[in-house]
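Here is the structure we will look at.
Lettering of chains follows the sequences in order, A, B, ..., and the numbering in each one begins at 1. Quantities reported herein were computed from a predicted structural model and do not represent experimental measurements.
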Amino acid sequence: MSLHLELLNPEQLAAVTLPDEHALILAGAGSGKTRVLTTRIAWLVKGGRVSPAQLLAVTFTNKAAREMLTRITAMLPLNPRGMWIGTFHGLCNRMLRVHHRDAGLPQSFQILDSQDQLAALKRLCKALGVDEDRIAPRDLQYFVNAQKEEGVRARDVPAGDENTRRLTELYAAYDEQCQREGVVDFPELLLRSFELLKNHEILRAHYSQRFRHVLVDEFQDTNRLQYRWLKLLVSPQTSLFCVGDDDQSIYTFRGAHVGNMSDFEREFRVRHVIRLEQNYRSHGNILDAANALIANNRKRLGKNLWTAAGAGEPIRVFEGESDADEARWVVEEVQALAREGTRRSQMAVLYRSNAQSRVLEHALFSQGVPYRVYGGLRFFERAEIKHALAYLRLVALPDDDSAFLRVANFPPRGIGARTLEQLQDAAKQARVPLLKVSEGKASIFKNLIEGLKTETQGLPLHEIVEIVIQKSGLIEHYKTEREGADRIQNLEELVNAAATFSEEDREVESGEAADPLTAFLTHAALEAGEHQAGEGQDALQMMTVHSAKGLEFDVVFLSGLEEGLFPHEQSAMERDGLEEERRLAYVAITRARNRLYLSHAQTRMLHGQTRYNVASRFLEEVPQQLMKWLTPRFSRQKAFAPDFSRSNQPFPLKKAVSREVGGFRIGQNVVHPKFGSGVIVDAEGQGTDARVQVNFGSQGVKWLAVAVAKLQAA
DNA sequence: TACTTTGTCCTTTTT
DNA sequence: GGACAAAGTA
């Protein structure tokens, strides 16, 4: 058991042994960030500067929190119970369970995941007769979460247009519904905890004086509310230690606010900003490529990665004729590398969007290459598991109408839509939960739940789960279903999960303030489970660039480097969208240890149409001397296409090649009697069906049938 | 009430 | 092309 301070480089050592003061650590990709965080915690405790109970360390993912805990306990023999190490949501949950009265919540409040939240909003809209064409539940969900993440309650939403007003009304009604039912959605966990501290000075004083050191991982991903929450936990005696990398900020779309880094530096008069720039992961060429690429961003705190390792191999670049061709090539390379001894699990294919995995999977499957795709349905998100959890939620908290509606008639027991509507009316009148007004047909269900509650009282967790999945009729039901065997297996797996969910898990995750069933349900909501059971096979790793963050591989394929895809066309609509796309590319490149492949395809099937794509500008931003082209560079494109990469038009996207449609070609300038002059950006169909997509600038982008539209070459 | 058919919309994701 | 939801049919 040792901290091995001698293995740290000077900057790492400085960060680890910083005196008690605020600090900002700019930790580049592969610079040993986690090591610095964990070693600092161990160093603080070992030196007697703090007790574990005076420490709070917060991350974004359970995985990161677990890893931190494992590494700390490897350095120091510690009891993890006293330490507040976890995710923002996990820690907030813990605080809310302890102070549930002050927070105005039942102790066994249930947590809605995004799916549950959407269902609850849909239910609300229906009950209030909201026209879904005017307000889509999805938009409402987005609105509610965005407000909560800014710390804004419905009553505080600034007056806006008609639409905002309606959304705000629904926001208020939704919060009321949640309060009545004793449920809390993800952003609410944070907001409630924030308000708890804000409105109860005694509590705030208690925690802020208790925590002498607050450490934050992935600080660039924090949203405004999270930062404000952190600030409430800081007293004059507290040192706030934030680690992050502005160049790896890729979650703006879900509220992350990189500006927190500079705000923190300013507001806390941070004296020490330490840059960790030595990279221990990648060879020089890969880092040079990453550095050159990210240098094109204007908004940066500034950082340059370097390595003591050699230049390594050149970056290999491939141009496919089509997405299928690109996939075929990837498979060949993977097979060749595997033959030479690289493990498939050390190779990753990264892509911008999930839809791209299909073609790759097809090629891999047909060649029999084992692969694993990340990002699918996770264990606790499966329908049968959600059903079982709904029964358990009702046992834990009878007020939970979301759970009620999910399983009242599942398995089918003759409680149809009409009965449910009547129940909902009655419940609304009496302002009581659905379970309470369940009479007539619905009393079957009421009796079932109440029976389960008495029967499972005081039993060990796994027995509760076992009894519930049996008596609910779920097992019985799936036995009759064609593909029910897998579902039954998953339900059995849920019993196993309950059996291995230990007292210790419970205390580390929720403190001592929750009963075992509630703690387990919380665990299920906050930790949806590993993506999929990882079969032990040596499989090629496939995932989006987003999910690759934090990971590393010997070999990385970054595929689909095309304008419109990566950078994604949607990003052009967002403020600083292109810079975020570039950071995304930066993250992708810096995943590679030894070998990096970049590829793009001339044509790609997207939304059921073949699109002609220009190579991504990011390919141009990597210095050519670092790259080795496996195909003639931009072979077919250069001859015909205008060079869009330096034009002001953000996304000309479609490639001006070969195909002529009704006498027009992509890239051609045209004039329309009504819309004026424009440029053809896409084309499809043949003969009389031929259509072209024309960008008319201020007049918009339009699809026009060549046979009909009075289009002239300009 | 359960199944089929048609219509709409397509990033990225953790909690 | 395909997922998902709403509308249509037995």
Side-chain angles (χ1 to χ4, degrees), chain A residues 58-65 86-94 111-119 122 126 132-133 136-139 142 145 148-149 184-191 193 217-218 221-223 225-226 249-256 323-324 350-359 361-362 374-378 380-381 409 412-420 509 522-531 543-550 560 564-574 577 580-581 583-585 587-588 604-611:
Chain A
V58 62
T59 63
F60 275 88
T61 65
N62 293 296
K63 195 176 162 201
T87 63
F88 278 101
H89 293 84
L91 296 178
C92 288
N93 168 66
R94 185 171 175 174
I111 298 168
L112 302 184
D113 66 18
S114 315
Q115 218 184 312
D116 301 332
Q117 183 192 30
L118 186 61
K122 280 183 182 168
K126 214 165 204 174
E132 292 206 358
D133 288 336
R138 277 225 163 277
D139 294 342
Y142 180 84
N145 290 349
K148 289 190 179 184
E149 278 160 11
V184 162
D185 59 38
F186 284 140
E188 183 73 20
L189 280 172
L190 279 151
L191 184 50
S193 172
D217 189 19
E218 304 277 20
D221 287 339
T222 51
N223 64 32
L225 182 59
Q226 286 160 338
S249 162
I250 57 175
Y251 285 115
T252 308
F253 71 92
R254 64 172 201 217
D323 47 356
L350 309 184
Y351 34 81
R352 173 69 238 265
S353 59
N354 285 305
Q356 288 166 252
S357 75
R358 175 174 305 281
V359 188
E361 282 186 74
H362 180 77
Y374 286 76
L377 250 201
R378 294 185 298 175
F380 287 112
E381 291 167 355
N409 198 35
R413 46 175 74 90
I415 305 176
R418 213 178 52 242
T419 314
L420 286 176
E509 287 179 19
T522 299
H523 171 79
L526 290 184
E527 184 158 10
E530 291 298 291
H531 283 273
M543 64 195 83
T544 64
V545 180
H546 280 94
S547 27
K549 187 167 165 218
L565 244 199
F566 200 0
H568 199 281
E569 52 196 337
Q570 301 281 349
S571 70
M573 324 273 238
E574 287 148 23
E580 179 130 330
E581 293 289 305
R583 290 193 291 271
L584 203 45
V587 167
R604 184 175 297 275
M605 194 67 143
L606 207 63
H607 311 323
Q609 290 184 344
T610 304
R611 303 213 335 186

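Shown here are the side-chain contact (heavy atoms from CB on, under 4.5 Å) partners of A:Ala548, two or more places apart in sequence or in another chain: A:Leu350, A:Met543, A:Arg591. A:Asp113 pairs by the side chain to side chain donor-acceptor pair (under 3.5 Å) definition with A:Lys386, not counting sequence neighbours. In this structure, the side chain to side chain donor-acceptor pair (under 3.5 Å) partners of A:Arg604, at least two apart in sequence or on a different chain, are A:Glu326, A:Glu562. Here A:Glu581 pairs with A:Arg352 under the salt bridge (Lys or Arg N to Asp or Glu O under 4.0 Å) rule; sequence neighbours left out. Partners of A:Asp217 by salt bridge (Lys or Arg N to Asp or Glu O under 4.0 Å), not counting sequence neighbours, listed by chain and number: A:Lys33. When the salt bridge (Lys or Arg N to Asp or Glu O under 4.0 Å) test is applied to A:Glu381, the partners found at least two apart in sequence or on another chain are A:Arg378. Taking A:Thr222 as the reference, A:Asn260 meet the side chain to side chain donor-acceptor pair (under 3.5 Å) condition, with sequence neighbours excluded. Partners of A:Glu361 according to the side chain to side chain donor-acceptor pair (under 3.5 Å) rule, which considers only residues two or more places apart in sequence or in another chain, are A:Ser357, A:Tyr371. Take A:Leu606 and apply the side-chain contact (heavy atoms from CB on, under 4.5 Å) test, not counting sequence neighbours, and it matches A:Arg611.
Across all strands shown, A:Tyr251 has heavy atoms under 4.0 Å from sugar-phosphate atoms exclusively, and none from any base.
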Mind listing the N/O atom pairs, protein and nucleotides 8-11 of chain B, below 3.5 Å?
residue : atom : partner  : partner atom : Å
B:dT11  : O4'  : A:His568 : NE2          : 3.3
B:dT11  : O4   : A:Glu574 : OE2          : 2.3

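The nearest pair of heavy atoms linking A:Pro187 to A:Lys148 is CB-CB, 3.8 Å.
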(message) Wobble G-U and Watson-Crick pairs count when both distances are under 3.5 Å; given that, what is the 5' to 3' dot-bracket string of DNA chain B, with | for pairing to other strands?
(response) ||||||||||.....
(request) Summarise protein proximity over nucleotides 3-10 of chain C in one line of letters, 5' to 3': B for base, S for sugar-phosphate only, - for none, counting protein heavy atoms closer than 4.0 Å. (result) S-SS----
